[in-house]
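Comments concern the structure below.
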Amino acid sequence: MISYRQSRTAPHIVVEAEGTISGTDVRRELAPLRDVLKSIEPGFVVMALYPDLVMLQSDAIGALFYYIARVFDAEPGLFLMVDGGRSPHPGLRAFVEQLGVEGQVRFAETIEDARRIINNREAGRSS
């Protein structure tokens, strides 16, 4: 299963994945994200949660990388990946790091770690 939701506060977009994900799942569930990314202001925070992801089917990889690239086209201020300390695909972390600029990409093992990163970022922006 893969899904996303929006919020007015950080994280502005949350993508959650668990279990086994196919390319059809990615395309179906993330298709509306294209319109969201066209209208969102640069500097937004994205949090990808997938500590319970079991498997990405081979046809999901290209589709997932496509949406990750679209997120970076929209200029996020922070792309935060909560992966439980392990990547479900050997090239995923490297791909995300390559797309991001310095300080734009962070990894967290837990949701609590991710919230601390977001809170520290928001506190730094308000001072």
Side-chain angles (χ1 to χ4, degrees):
M1 182 212 67
I2 188 167
S3 63
Y4 86 93
R5 67 180 184 275
Q6 282 182 266
S7 174
R8 293 183 189 268
T9 60
H12 303 98
I13 298 173
V14 177
V15 177
E16 294 184 76
E18 64 183 18
T20 299
I21 298 174
S22 70
T24 300
D25 296 334
V26 173
R27 288 185 292 278
R28 180 185 59 242
E29 298 301 323
L30 297 186
L33 190 56
R34 290 183 298 218
D35 291 331
V36 169
L37 294 171
K38 288 178 187 174
S39 63
I40 199 164
E41 292 291 322
F44 61 98
V45 175
V46 176
M47 182 165 57
L49 297 167
Y50 54 95
D52 299 321
L53 183 61
V54 175
M55 184 177 81
L56 286 172
Q57 293 179 351
S58 60
D59 68 331
I61 296 165
L64 185 61
F65 281 37
Y66 168 84
Y67 283 101
I68 291 170
R70 297 295 67 81
V71 167
F72 279 97
D73 286 345
E75 301 178 28
L78 177 62
F79 190 101
L80 182 58
M81 299 179 76
V82 183
D83 61 5
R86 60 176 180 77
S87 183
H89 181 274
L92 181 60
R93 280 182 170 221
F95 179 71
V96 170
E97 288 174 323
Q98 194 169 31
L99 289 175
V101 296
E102 188 174 332
Q104 191 178 30
V105 176
R106 298 282 307 270
F107 298 93
E109 286 194 29
T110 67
I111 293 172
E112 293 77 22
D113 293 339
R115 295 215 182 276
R116 276 192 290 279
I117 291 168
I118 291 169
N119 290 340
N120 290 341
R121 179 185 183 273
E122 296 299 306
R125 290 173 50 109
S126 64
S127 54

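Numbers here simply count residues along the sequence, with the first being 1. Heavy atoms only: backbone and side chains are in, while hydrogens, waters and symmetry mates are out.
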One should read off an interatomic distance between L33 CG and S3 OG, to the nearest 0.5 angstrom, of 11.5 Å
Atom of P76, atom of V46 and distance for their closest heavy-atom approach
CB-CG2, 4.5 Å
Shortest non-hydrogen pair, A60 vs I21, comes out as CB-O, 3.5 Å
Value rounded to 0.5 Å, distance of CG in D83 from CG in L53
10.0 Å
Should T9 and E122 count as side-chain neighbours, where that means a heavy-atom distance under 4.5 Å?
no
Closest approach of S22 and Q57, non-hydrogen atoms and distance?
CB-OE1, 3.0 Å
Same cluster or not: are V96 and L80 linked, directly or through other Ile, Leu, Val, Met, Phe, Trp or Tyr residues, by side-chain heavy atoms under 4.5 angstrom apart?
no
What's the separation between atom CG in L78 and atom CD1 in I118, rounded to the nearest 0.5 Å?
6.5 Å
Within this structure, what is the CD1-CD distance for the pair I40 and Q6, rounded to the nearest 0.5 Å?
6.0 Å
Check E97 against F107 and note the closest heavy-atom contact, atom names and distance.
OE2-CE1, 3.4 Å
With heavy-atom distances below 4.5 Å as the criterion, would you say the side chains of V105 and F72 are in contact?
yes
If I compare all heavy atoms of Y67 with all of R27, which pair ends up nearest, and what's the gap?
OH-O, 4.0 Å
Joint hydrophobic cluster, V82 plus F44, side-chain heavy atoms closer than 4.5 Å:
no
Is there a donor-acceptor pair under 3.5 Å between the side chain of E29 and the backbone N or O of Y4?
no
Same cluster (ILVMFWY, side-chain, under 4.5 Å), V54 and I2:
no
How many angstroms lie between atom CD1 of I61 and atom CZ of F95, to the nearest 0.5 angstrom?
12.0 Å
Rounded distance (nearest 0.5 Å) linking atom CE of M47 with atom CZ of R5:
6.5 Å
Neighbour count >12 (heavy atoms, 6.0 Å) for atom CZ, R106
no
Honestly curious: do I117 and I111 fall in one hydrophobic cluster under the side-chain, below-4.5 Å linking rule?
yes
Same cluster (ILVMFWY, side-chain, under 4.5 Å), I13 and L64:
yes
Is there side-chain contact between D35 and K38, with at least one heavy-atom pair below 4.5 Å?
yes
Stepwise, does the side chain to side chain contact (heavy atoms under 4.5 Å, CB included) test hold for V26 with L56?
CA-CA 10 Å; V26 173; L56 286 172; 5.7 Å; no
Return the minimal non-hydrogen interatomic distance between L37 and A74, and the atom names on each side.
O-CB, 3.8 Å
Side chain to side chain contact (heavy atoms under 4.5 Å, CB included) partner of Y50, the single match among E18, E16, M81
M81
Count the heavy atoms of every other residue, nucleotide or ligand shown that sit under 6.0 Å from CZ of R70, and state whether that count exceeds 12.
yes
